[in-house]
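Working notes for the structure below.
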Amino acid sequence: MTIAPVPSTPETVTIGVLALQGAFIEHIHYLQRLRPVGHAIRAIPVRSEEELKQCDALVLPGGESTVIHSVALRSGLLSSLVEFVQDPSKPVYGTCAGMILMAAEDGIGGGKIIKGRPPAVGWGGIDGLKVWRNLYGNQLESFEAHMVIPSLPNPSKPFNAIFIRAPAIHSLPQHPKTPIEVLATLPQECVPTPPPADTPMGPANPDDLGKIMVRQGRKLVTSFHPELSGDVRIHEYWVDKCVLGR
Ligand code: GLN
């Protein structure tokens, strides 16, 4: 699909969804459903530098982080993506595999290393974020958690958070430069067992393992898939707070 470059105006906000692999189309549909007061959202798939340049904000979807990373590397898009993700002025939302990619450079543990495929290296975005891939189990162990998330519009209505081979937060930095806000934490009985401590990542912080939605400035990550829930409130929250800053 070729998309003519349309410069963003204060009324039109262009939000890209990285479309190299994974559940990107659903994010585009959810963003297209939003009607923020005073703005029009233009949601576009991003597969090239030209498309990335048009974006005011970016979503990194769920899928397979190693595949997204290697396709970005092979297609020559990786360095521009890393630059975009690390720029504190750029709003970025990472879901599941997208959250893994927003970890610190050396902040990805767990999962299988597949021969011939480079292991994913964190692109940054959330300072010092360390994640552990697949800590919530395999595909068959996918689950849903009905979460009350106080920051969302209509907060008393539980949000159906869907976990599919989801990563867990291994640890967050103790003293981040910009405060990290924890927006949702799983009840204790759903918190996964800590990963092995004798790896270069060191031991996980047990207090961080159940955190499933965190924000730092214009960046948001969730270890679950909101774009499969039928509920647009997390996209609405990110667009309002992180993209439009209100
Ligand atoms: N397990 C996947 C990974 O390591 C993420 C799964 C997902 O995005 N649903 O990339």
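In listed order, ligands and their atoms are each counted from 1. On a predicted model such as this, the values are computed, not experimentally measured, just so you know.
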Assess whether a salt bridge exists between Lys90 and Glu83, defined as any Lys/Arg side-chain N lying under 4.0 Å from an Asp/Glu carboxylate O. no
Would you mind checking if Arg133 and Glu64 are paired as a salt bridge, meaning a charged N to carboxylate O distance below 4.0 Å? yes
Could you label the plane-to-plane angle of the His170 and Trp132 rings as parallel, tilted or perpendicular, counting under 30° as parallel and over 60° as perpendicular? parallel
Please verify the inter-ring angle class for Phe224 with Phe163; under 30° counts as parallel, over 60° as perpendicular, anything in between as tilted. tilted
Determine, using the 4.5 Å side-chain heavy-atom cutoff (strictly less than), whether Val121 and Ile100 are members of one ILVMFWY cluster. no
Going by side chain to side chain contact (heavy atoms under 4.5 Å, CB included), Val92 matches just one of Val221, Leu60, Val59. Which one? Leu60
Please output the residues near ligand 1 using a strict heavy-atom distance under 4.0 Å, listed in chain and residue-number order. Gly62, Gly63, Glu64, Ser65, Cys96, Ala97, Ile100, Arg133, Asn134, Ile164, Arg165, His225
